[in-house]
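Order of the sequence lines fixes the chain letters, A, B, ..., with proteins taken first and strands second; residue numbering starts at 1 for each chain.
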Amino acid sequence: MSSTATKDHPQLAAIFNRDEPRVDWHDETLWWVRAKRDIAAHKLPEWELLRETASQIKNNVLSNLSTYLEQFEANAINNGIIVHWAANAEEHNKIIYTLLEKRGISRMVKSKSMLTEECHLNEYLLKQGIDVIDSDLGERIVQLAGEPPSHIVLPCIHKKKEEIGDIFHEHLGSAKGESDPKILTETARQHLREVFLTRRAALTGVNFAIAETGEFVICTNEGNADMGAHLAEIHIASMGIEKIIPERKHLGVFLRLLTRSATGQPITTYSSHFSKPQDGKEIHVVIVDNGRSIQLGREDFRNSLKCIRCGACMNTCPVYRKSGGHSYHTAVAGPIGSILAPNLDMEKYADLPFASTLCGSCSNVCPVKIDIHDQLYKWRQVIVKAGYTPKAKTLAMKGMAFTLSSPMIYRAAGKMGRFTFKYAPFAVNNGANPWYKHREMPKAPEQSFGEWYAKRKENKK
Amino acid sequence: MKVALFVPCYVDQFYPQAAVATLELLEKLGCEVHYPKNQTCCGQPMANSGYEHLTGGCNNLFIDNFAGYDYIVCPSGSCTLHIKEHLHSHENEDKAIEIRKRIFELTEFLVDILQVKSLKASFPYKVGMHQSCHGLRGLRISQMTELVAPPFSKPAQLLGLVKGLELVPLSRADDCCGFGGTFCVVEEAVSSKMGKDRVDDHIEHGAQYITSADLSCLMHLEGILRRQNSSVKVIHVAEILNHSI
Ligand code: SF4
């Protein structure tokens with residue numbers, strides 16, 4: 001990761017694009033998921049109504065967040081769950097470390113949680129001598145490869161099966177050159193089974209926390225959250241403050257939307273509800289803010305907190321598909337990541353809101369109707385005003401604004417521009433012109449429309 | 001009906017023939033068309049780059065040029081959308097609001113306002129239609145494939161009136177071409193890859209021409225086609241609708 005830390009999206013995307021067949025493969029794989037999503041959505045005539053309902057429920061949640069959180073806490077405590085609050089990533093990581101340390105636990109199994117990625121929990125625990133095994137197959141693969149996930153629901157979508165075979169050969173002892181997905185999955189299964197049986201602590205994420213009942217729901221396709229949580233003596237669930245929904249009946253809306261948007265499945269294979277610990281065991285919930293309440297306070301950006309992490313906006317995003325998840329250099333990549341990340345660190349992620357053509361497809365697939373592309377536009381304004389843009393760009397923009405504000409200067413510059421294009425192509429057609437690297441410049445016509453129109457008027461007189 | 005023609009800066013400078021076609025087409029359909037001669041640009045290149053605060057001069061100039069017409073018609077979905085969503089003025093907000101309501105992209109104007117049902121146009125070629133994103137998802141001149149809703153397309157409806165024209169289907173009906181304003185130079189690697197793929201989709205389906213209601217996308221696709229020495233050409237939808245043989 002350190003090599004990517006100093007590079008911005010255009011640079012990382014350009015590196016990804018050096019291998020064009022890989023870009024094609026990545027693009028087609030994700031487009032295939034998008035197409036499955038379309039088929040699933042079109043099977044439900046009430047799809048748009050569902051999206052609207054989900055969006056309204058989330059609006060209500062964001063407007064009454066503290067009330068619902070307190071209600072959830074009270075009901076969870078009543079159920080025998082132990083609730084912790086963390087203001088930021090450090091607090092979150094410390095709470096978890098303390099829980100493990102107190103019990104002398106040095107190995108933990110984890111089911112996929114983007115929040116722990118955001119908080120860099122694995123690295124933190126490793127430094128304290130605690131070993132964390134990610135139990136979601138995709139997560140486990142990237143973990144073995146020493147990489148962060150490149151997608152929130154398909155964490156190793158950037159890896160081909162041959163590459164996974166190599167990783168398994170190196171770390172799990174599968175045969176060299178083995179790339180049959182069935183055999184590789186079985187290898188992972190055996191390996192993870194041993195992990196589940198021997199870990200005393202399990203950490204999971206939270207997809208939905210229900211204020212009314214104090215229970216929480218985790219959605220997985222592999223059942224790994226269940227396996228981990230049921231076998232361990234302590235189950236720790238990390239949740240962002242925005243994961244709340246008011247009532248149990250609302251769950252149906254979200255569960256119907258979540259996987260259809262994510263992979264085109266009608267429902268996740270396992271939707272596991274946790275409401276009280278088994279005898280002799282403990283359930284802990286860590287409720288994490290980590291910048292979310294700041295985002296809640298930014299009027300233009302608050303509804304980015306409605307996100308249910310389905311990944312649909314990534315699958316449909318042509319820029320994501322053609323630049324790869326790691327080019328976003330943040331835990332949550334793609335369009336949604338690009339509107340969440342600047343809230344955490346505007347300078348570090350100043351490039352991300354510009355990593356979009358503003359095509360708007362993301363906003364239209366989003367099951368909770370987040371106006372993602374409008375927020376990208378708005379972040380650009382905020383970032384420029386905050387001064388996180390290259391000076392050369394600001395100068396160019398000032399020059400442009402000056403030229404375009406005056407019809408006379410505009411006409412003169414237009415003549416010059418077309419003249420340059422036509423008679424001195426080398427002035428623009430060189431390597432320093434990023435347009436010309438892959439494209440021809442437009443042919444300059446004899447006259448502008450304005451000039452043609454003036455002559456036509458003359459002739460008509 | 002007094003119609004003002006808004007010709008965006010890059011159309012004015014590089015694709016005057018599309019503006020000529022727009023003007024002639026509107027006149028054929030009985031509009032009294034005016035071209036306010038001091039117009040320059042909608043300000044979108046600055047605004048989309050994060051410099052909306054520098055667009056004040058452009059905005060006021062736009063208002064000076066375009067206030068007071070029944071309609072403003074523009075052969076570019078993207079510029080139309082920018083005006084519709086972002087034209088403001090400290091001095092003349094009333095006029096800005098009025099303009100935002102009265103500006104139309106050409107094909108939506110032809111379908112929704114003029115309600116064109118027939119055209120004397122012919123264009124006997126295989127044509128691929130590139131749905132430019134701002135026209136599509138911003139102005140909703142066609143239905144988006146992401147939504148579960150009945151399909152329609154204003155530009156396709158008009159192209160359907162053109163004799164001899166065969167619209168070719170595409171594998172990805174409304175994928176973005178990767179132009180994206182300054183995106184095309186800031187992210188040249190991704191932008192050009194997106195453009196290449198968009199062009200391939202049209203070529204694989206046998207298109208001889210690629211058309212669109214947005215020349216900015218076409219300028220980008222044309223650059224790629226010409227680099228590949230392709231025989232496929234780009235053409236603005238107005239040029240087709242105004243074309244007769
Ligand atoms: S922003 Fe919307 S589409 Fe993207 S991951 Fe979140 S819920 Fe899904």
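At a threshold of 4.0 Å, the pair D27(A)-K193(B) does not count as salt-bridged, since none of the basic side-chain nitrogens sits closer than that to a carboxylate oxygen. Between R321(A) and D197(B) there is no salt bridge, since no side-chain nitrogen of the basic residue lies less than 4.0 Å from a carboxylate oxygen of the acidic one. Between R411(A) and D12(B) there is no salt bridge, since no side-chain N of the basic residue sits under 4.0 Å from a carboxylate O of the acidic one.
Below 4.5 Å, heavy atoms of chain A meet heavy atoms from R140(B), M144(B), T145(B), E146(B), L147(B), V148(B), all part of residues 140-150 of chain B.
Q381(A) and H53(B) share no donor-acceptor pair across their side chains, judged by distance under 3.5 Å alone.
Remark: side-chain polar atoms of S448(A) are not paired, donor with acceptor, to backbone N or O of Q13(B) under 3.5 angstrom. Without hydrogens or angle criteria, R380(A) side chain to E52(B) main chain gives no donor-acceptor distance under 3.5 Å. Judged purely by atom type and a 3.5 angstrom limit, R137(B) has no side-chain atom pairing as donor or acceptor with the backbone of S363(A).
Among pairs with a residue in residues 397-418 of chain A, none fulfils ring pair (Phe, Tyr, Trp, His ring centres under 6.0 Å), at least two apart in sequence or across chains. Pairs of residues two or more places apart, or lying in two chains, that qualify as side-chain hydrogen bond (donor to acceptor under 3.5 Å, both in side chains) and include a residue from residues 74-87 of chain B are Q44(B)-S78(B), S76(B)-D214(B), S78(B)-H134(B).
At least one cation-pi condition fails for R456(A) and Y35(B): the charged atom is not both under 6.0 angstrom from the six-membered ring centre and inside a 45 degree cone around its axis.
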Derivation of the side-chain hydrogen bond (donor to acceptor under 3.5 Å, both in side chains) call for R439(A) and H220(B): CA-CA 7 Å; R439(A) 294 158 285 213; H220(B) 164 63; 3.1 Å; yes

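With sequence neighbours left out, the salt bridge (Lys or Arg N to Asp or Glu O under 4.0 Å) criterion links K95(B) to no other residue.
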